[in-house]
Amino acid sequence: MSEVADTVTDMTTTLRRADARRIALAAQGFARPRPGTVGTRQITGALHRMRILQIDSVNVFSRSHYMPLFARLGAYDRALLDKLAFARRPSWVESWAHVASLVSVDDWPLLQFRRDDLRAKYGHDAWAEANQPLLQWLRDELADRGPLRPAEIDHDAREGSRGSWWGWDDVKNGLERLWLFGEVAIAGRRGFERRYALASDVLPSEALQTTVPRTEAITELVRRAALAYGVATAADLADYWRIRDRPAVLAAIRDLVDDGELIPVAVDGWAIAGRPAKAWLHRDAARPRRVDATAILTPFDPVVWFRDRAERLFDFDYRIEIYTPAPQRRFGYYSLPVLVGDDVVGRVDLKADRASSALRVQSAWWEQGAPPDAAERVAAELLTAARWQGLDRVTVSRWGDAADDLAGALRAERHDHPDGRAT
């Protein structure tokens, strides 16, 4: 998404790139020291700063929605997040937000326009028209029986108890559509498998009955994105909630500028198509002189999930390689960005080998400009990550220009990369 020339003409402030980076990290909670004890209050505070946790099924190290809290808070009991998000009456609920994500129940009304758009797209297409009886049967099943996994519903369909037969694919497709439309909500998971329920059985009546006009909702979401990012371009703000309506985002920015909430800025080195990029600073953004964090990030952390922003903030070219054929991977199957100080200084490909109780560093790489103490700091974070995952030791392969440094700092045993890769 590119900014139009007439969005803002008065650039009142210029920020150095390093200042913008620290503002962005502070907005995401990385300027705060990690708490000694992590309870529900600390988790809720971190969630409200981010406003959103993206969900992803890859579990080679840890499910993605658990990792942003670990990056900000350190080791914590994942059951505490589960209680907030996967209880019968959660305070955080799954919604199509950035993509499939956890959002505060209080934010449910702000995304109604998104559900309306999805219903317009998928509620009357060829599949939906051909499967209206199935969709009604699913509503009836959930009304009669309460929260159910797709396998439980599919089993009854196969038994023919309702006189009709639908396969698993149709049942799952129907449930997913009803979830996208907001008729159905997620009432917890068993493992990673969702339990679907009528939205009225999961969400409070206030969330279901509150109406927020589309324009007002988009303005509020842009405002929350600006708070979560600290400083951002229009493309950044739109991507936070994946708002595709470019004119609406730009109109929201203008309104927030007029209200004094967003301040037009220029950031040294930020450019779009060779021209200085228009950006905005939230008036409440902290401007720390120093950020001294150490963290392992998920690919779906707001700090790096928008690749253009990651390049602007950190000069970090990041692509996930899980779908890249193994011989063509540059950094590994699921390499995770590593933050040290106020910069992304490397990436590590991690695997939790639970059978041998080992955290395996499958590859490790430095970015240009990694500080001299990076190996020791990353090693300490890897040990914390291993303990968080209930693993006893860390082993390091020989693939990557940081592998020997980390192995030395950890005094770790080495293992062969499964693909035979080495530096």
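Numbering starts at 1 and runs along the sequence shown. What's counted below: heavy atoms across the whole structure, side chains too, no hydrogens, waters or symmetry copies.
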- Task: Measure the shortest side-chain to side-chain distance between Leu15 and Val231 over non-hydrogen atoms and say whether it is less than 4.5 angstrom.
- Result: yes
- Message: Go through it in stages, so that I can follow the logic: the residues are Val222 and Tyr240, the test is side chain to side chain contact (heavy atoms under 4.5 Å, CB included), and I'd like the CA-CA distance, side-chain angles, deciding distance and then a yes or no.
- Response: CA-CA 8 Å; Val222 169; Tyr240 208 84; over 6 Å; no
- Message: Please find the pair of heavy atoms, one from Ala27 and one from Tyr229, that lie closest to each other, and give the distance.
- Response: CB-C, 3.7 Å
- Val105 and Pro90: which non-hydrogen atoms are nearest, and at how many Å? CG2-O, 3.2 Å
- Would a 4.5 Å heavy-atom cut-off, applied to side chains only, mark Leu81 and Leu47 as touching? yes
- Task: Run the numbers on Glu152 and Val171 for side chain to side chain contact (heavy atoms under 4.5 Å, CB included), then give the verdict.
- Result: CA-CA 10 Å; Glu152 294 172 309; Val171 167; over 6 Å; no
- Which atom of Ala286 lies closest to which atom of Ile23, heavy atoms considered: O-CG1, 3.5 Å
- Query: Given side chains that start at C-beta, do those of Pro418 and Gln362 come closer than 4.5 Å, heavy atoms only?
  - Reply: yes
- Task: Could you go through the side chain to side chain contact (heavy atoms under 4.5 Å, CB included) check for Arg177 and Trp127 one step at a time?
- Result: CA-CA 11 Å; Arg177 286 176 184 240; Trp127 187 95; 3.4 Å; yes
- Parallel, tilted or perpendicular for Trp179 and Trp96, by the 30°/60° rule? perpendicular
- Query: So, do Leu69 and Tyr76 sit near enough that their side-chain heavy atoms are less than 4.5 Å apart?
  - Reply: yes
- Message: Can you confirm whether Arg309 sits close enough to Phe314 that some side-chain heavy atom of one is under 4.5 Å from a side-chain heavy atom of the other?
- Response: no
- Query: How many angstroms lie between atom CG of Leu256 and atom CD1 of Ile263, to the nearest 0.5 angstrom?
  - Reply: 12.0 Å
- Closest heavy-atom contact between Phe113 and Ala217? CD2-CB, 4.0 Å
- Message: For the CZ atom on Arg88, are there more than 12 heavy atoms of other groups (residues, nucleotides or ligands in this structure) within a distance under 6.0 Å?
- Response: yes
- Message: I'd like to know if the side chain of Arg393 and the backbone of Ala386 have a donor-acceptor N/O pair within less than 3.5 Å.
- Response: no
- Task: Please collect all salt bridge (charged side-chain N to carboxylate O under 4.0 Å, His left out) contacts where either partner lies in residues 71-84, sequence neighbours excluded, each pair once.
- Result: Arg72-Asp301
- Note on the structure: Applying side-chain contact (heavy atoms from CB on, under 4.5 Å) to Asp308 and not counting sequence neighbours gives Phe306, Arg312
- Message: Taking side-chain contact (heavy atoms from CB on, under 4.5 Å) as the definition, give me every residue that meets it alongside Arg119, ordered by chain and number, with sequence neighbours left out.
- Response: Phe181, Glu183
- Output yes when Asp292 and Arg377 qualify as a salt bridge under the 4.0 Å nitrogen-oxygen rule, no when they do not. yes
- Would you say His98's side chain and Arg242's backbone share a donor-acceptor pair under 3.5 angstrom? no
- Item | Non-neighbouring partners of Asp317 that pass salt bridge (Lys or Arg N to Asp or Glu O under 4.0 Å), sequence neighbours left out | Arg319
- Message: Suppose we screen for salt bridge (Lys or Arg N to Asp or Glu O under 4.0 Å). Which residues come up paired with Arg16, at least two apart in sequence or across chains?
- Response: Asp19
- Message: According to ring pair (Phe, Tyr, Trp, His ring centres under 6.0 Å), who are the partners of Phe316, at least two apart in sequence or on a separate chain?
- Response: Tyr318
- Nearest heavy-atom approach of Leu406 to Ala364 is CD1-CB, 3.6 Å
- Task: For Ser335, enumerate each residue passing the side-chain hydrogen bond (donor to acceptor under 3.5 Å, both in side chains) test, keeping only those at least two apart in sequence or located in another chain.
- Result: none
- Message: Whether the side chain of Ser363 engages the backbone of Phe331 through a donor-acceptor N/O pair (distance < 3.5 Å, no angle test) should be reported.
- Response: yes
- Item | For Glu176, salt bridge (Lys or Arg N to Asp or Glu O under 4.0 Å) partners two or more places apart | Lys172, Arg194
- Nearest heavy-atom neighbours spanning Val249 and Ala238: CG2-CB, 4.0 Å
- Query: Taking atom CD1 of Ile43 and atom CZ of Arg41, what is their separation to the nearest 0.5 Å?
  - Reply: 11.5 Å
- Item | Any pair counted as side-chain hydrogen bond (donor to acceptor under 3.5 Å, both in side chains), so long as it reaches residues 336-360, sequence neighbours left out | Arg22-Asp342, Arg347-Glu367, Asp353-Ser356, Asp353-Arg360, Arg354-Gln389, Ser356-Arg360, Ser357-Asp392, Arg360-Thr395
- More than 12 foreign heavy atoms under 6.0 Å from OH of Tyr323: is that the case here? no
- Query: Would you say Arg32 has more than 12 foreign heavy atoms packed within less than 6.0 Å of its CZ?
  - Reply: no
- Query: Arg63 side chain to Ser57 main-chain N or O, any donor-acceptor pair under 3.5 Å?
  - Reply: yes
Could you tabulate the donor-acceptor pairs under 3.5 Å formed by side-chain atoms of residues 201-210, not counting sequence neighbours?
from: Thr210; atom 1: OG1; to: Glu206; atom 2: O; distance (Å): 2.5

- Say you draw a straight line from CG of Leu262 to CG of Leu281; how long is it, rounded to the nearest 0.5 Å? 8.5 Å
- Any chance you could measure Tyr66, atom OH, to Ile55, atom CD1, to the nearest 0.5 Å? 9.5 Å
- Cation-pi geometry met for Arg51 and Trp241 (6.0 Å, 45°): no
- Query: Is a side-chain N or O of Arg195 found less than 3.5 angstrom from the main chain of Gly188, in a donor-acceptor match?
  - Reply: no
- Message: For Thr37, give me all partners under side-chain contact (heavy atoms from CB on, under 4.5 Å), at least two apart in sequence or on another chain.
- Response: none
- Item | Glu94 with Arg189: basic N within carboxylate O range, under 4.0 Å | yes
- Rounded to the nearest 0.5 Å, what's the gap from CG on Leu250 to CG on Leu237? Could you check? 10.0 Å
- Item | Pairwise side-chain contact, Val265 with Trp280, heavy-atom cut-off 4.5 Å (strictly under) | no
- Less than 4.5 Å apart, any side-chain heavy atom of Gln28 and any of Pro302? yes
- Pairwise distance CH2(Trp92) to CG(Leu53) - rounded to 0.5 angstrom: 7.0 Å
- Test side chain to side chain contact (heavy atoms under 4.5 Å, CB included), reference Leu134, set Asn173, Asp170, Leu175, output is Asp170
- Sorted by first residue and then second, give each salt bridge (charged side-chain N to carboxylate O under 4.0 Å, His left out) pair with at least one member in residues 211-231; sequence neighbours left out. Asp107-Arg224, Asp117-Arg214, Arg214-Asp245, Glu220-Arg223, Glu220-Arg224, Arg223-Glu261
- Phe61 and Tyr334: aromatic ring centres closer than 6.0 Å? no
- Mark yes or no for whether Arg329, through its side chain, and Glu321, through its backbone, hold a donor-acceptor pair below 3.5 Å. yes
- Item | Heavy-atom side-chain contact between Val396 and Leu382 under 4.5 Å | no
- Task: Check the pair Trp366 / Val345 against side chain to side chain contact (heavy atoms under 4.5 Å, CB included), numbers first and verdict last.
- Result: CA-CA 6 Å; Trp366 294 129; Val345 305; 4.3 Å; yes
